[in-house]
Participant: 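Structure in structure tokens, see below.
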Protein chains: 2
Amino acid sequence: MALLNLSKIIKHRRDVLKITQEQLAEMAEVGLRTLKSIENGKGNPTVSTINKLAKVLGMELKLEIKKTGF
Amino acid sequence: MALLNLSKIIKHRRDVLKITQEQLAEMAEVGLRTLKSIENGKGNPTVSTINKLAKVLGMELKLEIKKTGF
DNA sequence: AGCAAAAGTGTATTATATTGCATTTTTATT
DNA sequence: AATAAAAATGCAATATAATACACTTTTGCT
């Protein structure tokens, strides 16, 4: 999963849940600036930061064997 | 996905593929010390590091909506 | 248009991930 | 047991993620 996708997924999910960046940042205990950077595809977040956000977003980070395209 | 699981999954997958830490680190262009730390559950890797390893391991990092327990 | 809330950006600081190198420990093979 | 390969660990240097704060821009509403 490319970093770009990660940012899109987080932003989209946040939009669906109708919460602001401030709210998500606070609930996830992640810096607001950090969340903004992630949603804008800047930087390279750590797994723990993504996990914190995922938890609040009702999501999970998975590492799986890639399905072979058919 | 907890960080602990991530390390286990990577180590297990590497074992299945029968490659050494040195080989994986070189192929993934990740520092050997970094890979060792990850496999031993130390630290908090960045998404890009996990992605580099995943690529070589034929895996992928996914961020998905959590299935509700039944 | 005017306003307010939300989102985006620039910069500096702090914390820590990544890395190489040297060394030790463990594992596996003969 | 001796050896060799693989893995683990300690340490120091460098790169950069996380963060706060101030400010600008965009968005949406009346």
Side-chain angles (χ1 to χ4, degrees):
Chain A
M1 167 166 303
L3 287 185
L4 187 62
N5 290 336
L6 215 56
S7 75
K8 279 187 196 169
I9 292 171
I10 288 172
K11 180 172 175 47
H12 180 256
R13 177 66 175 163
R14 182 175 61 77
D15 287 343
V16 168
L17 295 178
K18 292 194 168 65
I19 55 178
T20 65
Q21 288 179 337
E22 278 196 34
Q23 292 171 327
L24 173 55
E26 186 180 3
M27 287 189 281
E29 296 183 293
V30 163
L32 177 58
R33 192 66 176 79
T34 301
L35 174 59
K36 286 176 184 292
S37 294
I38 291 172
E39 285 200 359
N40 286 295
K42 313 286 178 60
N44 174 25
T46 62
V47 169
S48 86
T49 295
I50 298 300
N51 271 330
K52 287 187 208 167
L53 295 171
K55 187 167 184 176
V56 172
L57 293 172
M59 306 184 84
E60 59 186 340
L61 197 57
K62 287 185 173 182
L63 181 59
E64 298 175 341
I65 294 178
K66 202 169 195 170
K67 302 282 184 270
T68 65
F70 58 91
Chain B
M1 165 166 303
L3 287 185
L4 187 63
N5 291 336
L6 214 57
S7 75
K8 279 188 196 168
I9 292 170
I10 288 172
K11 181 171 175 47
H12 180 256
R13 178 66 175 163
R14 182 176 62 77
D15 286 343
V16 168
L17 296 179
K18 292 195 168 66
I19 56 179
T20 65
Q21 289 178 336
E22 279 195 2
Q23 292 171 327
L24 173 55
E26 185 180 4
M27 287 188 282
E29 296 183 294
V30 164
L32 176 58
R33 194 64 179 76
T34 301
L35 173 59
K36 285 176 184 294
S37 294
I38 292 172
E39 286 200 359
N40 286 295
K42 313 286 178 60
N44 173 26
T46 62
V47 170
S48 87
T49 295
I50 298 299
N51 271 330
K52 286 186 209 169
L53 294 171
K55 188 167 184 177
V56 172
L57 294 172
M59 306 184 85
E60 58 187 339
L61 197 58
K62 287 185 172 181
L63 180 59
E64 298 175 340
I65 294 178
K66 202 169 193 168
K67 301 283 183 269
T68 66
F70 58 91

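Numbered from 1 within each chain, the chains take letters A, B, ... in sequence-line order.
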Participant: So, taking the atom named CD in A:Glu60 and the one named NZ in B:Lys66, what distance separates them when rounded to the nearest 0.5 Å?
Facilitator: 5.5 Å
Participant: So what is the end-to-end bend of the helix from C:dA1-D:dT30 to C:dT30-D:dA1, with 5 pairs used at each end and the value given to 10 degrees?
Facilitator: 60°
Participant: How many whole angstroms separate atom CD of B:Glu22 from atom C1' of D:dA8?
Facilitator: 13 Å
Participant: Could you state the CD1-C1' distance from B:Ile19 to D:dA5, rounded to the nearest angstrom?
Facilitator: 16 Å
Participant: A side-chain contact here means heavy atoms from C-beta on lying under 4.5 Å apart; do A:Lys55 and A:Asn51 qualify?
Facilitator: no
Participant: Can you measure A:Lys11 atom NZ to D:dT27 atom P for me and round it to whole angstrom units?
Facilitator: 10 Å
Participant: Please give, in whole Å, the distance from D:dT27 P to A:Gln21 CD?
Facilitator: 13 Å
Participant: Tell me, which pairs form a salt bridge (charged side-chain N to carboxylate O under 4.0 Å, His left out) where one or both residues lie in residues 40-53 of chain B, sequence neighbours left out?
Facilitator: none
Participant: Starting at atom CD of B:Glu39, determine the distance to atom C1' of D:dA7, rounded to an integer number of angstrom.
Facilitator: 9 Å
Participant: Could you tell me the separation between the CD1 atom of B:Ile19 and the CG atom of B:Leu57, rounded to the nearest 0.5 Å?
Facilitator: 5.5 Å
Participant: Working to the nearest 0.5 Å, report the span between CG of A:Leu61 and CG of B:Leu6.
Facilitator: 7.0 Å
Participant: Whole-Å distance between D:dA7 C1' and B:Asp15 CG?
Facilitator: 11 Å
Participant: Over how many whole Å does the gap from A:Leu32 atom CG to D:dT19 atom C1' extend?
Facilitator: 10 Å
Participant: Would one find more than 12 heavy atoms of other residues, nucleotides or ligands at under 6.0 Å from atom CD of A:Glu22?
Facilitator: no
Participant: Stepwise, does the side chain to side chain contact (heavy atoms under 4.5 Å, CB included) test hold for A:Arg13 with A:Met59?
Facilitator: CA-CA 9 Å; A:Arg13 177 66 175 163; A:Met59 306 184 84; 3.4 Å; yes
Participant: Show me the side-chain donor-acceptor pairs of residues 23-36 of chain A shorter than 3.5 Å, one per line, residues at least two apart or across chains.
Facilitator:
| unit_1 | atom_1 | unit_2 | atom_2 | d |
| --- | --- | --- | --- | --- |
| A:Gln23 | OE1 | A:Thr20 | N | 2.9 |
| A:Arg33 | NH1 | A:Ser37 | OG | 2.9 |
| A:Lys36 | NZ | A:Gln21 | OE1 | 2.8 |

Participant: Which atom pairs link the protein and nucleotides 10-18 of chain D when you take only N or O atoms and keep those under 3.5 Å?
Facilitator:
| unit_1 | atom_1 | unit_2 | atom_2 | d |
| --- | --- | --- | --- | --- |
| D:dG10 | N7 | B:Arg33 | NH2 | 2.9 |
| D:dG10 | O6 | B:Arg33 | NE | 2.5 |
| D:dA17 | O5' | A:Asn44 | O | 3.3 |
| D:dA18 | OP1 | A:Thr46 | N | 2.9 |
| D:dA18 | OP1 | A:Thr46 | OG1 | 2.9 |
| D:dA18 | OP1 | A:Thr49 | OG1 | 2.6 |

Participant: Go through DNA chain C in 5' to 3' direction and return only the first and the last nucleotide with some atom under 4.0 Å of chain B's heavy atoms.
Facilitator: C:dA17 to C:dC21
Participant: Just how far is it from atom CG of A:Asn5 to atom CD1 of A:Ile10, taken to the nearest 0.5 Å?
Facilitator: 11.0 Å
Participant: Excluding sequence neighbours, so at least two apart, what forms salt bridge (Lys or Arg N to Asp or Glu O under 4.0 Å) with B:Arg14?
Facilitator: B:Glu39
Participant: After noting the C-alpha distance and the side-chain angles of B:Asp15 and B:Lys11, does the key distance pass the side chain to side chain contact (heavy atoms under 4.5 Å, CB included) rule?
Facilitator: CA-CA 6 Å; B:Asp15 286 343; B:Lys11 181 171 175 47; 4.0 Å; yes
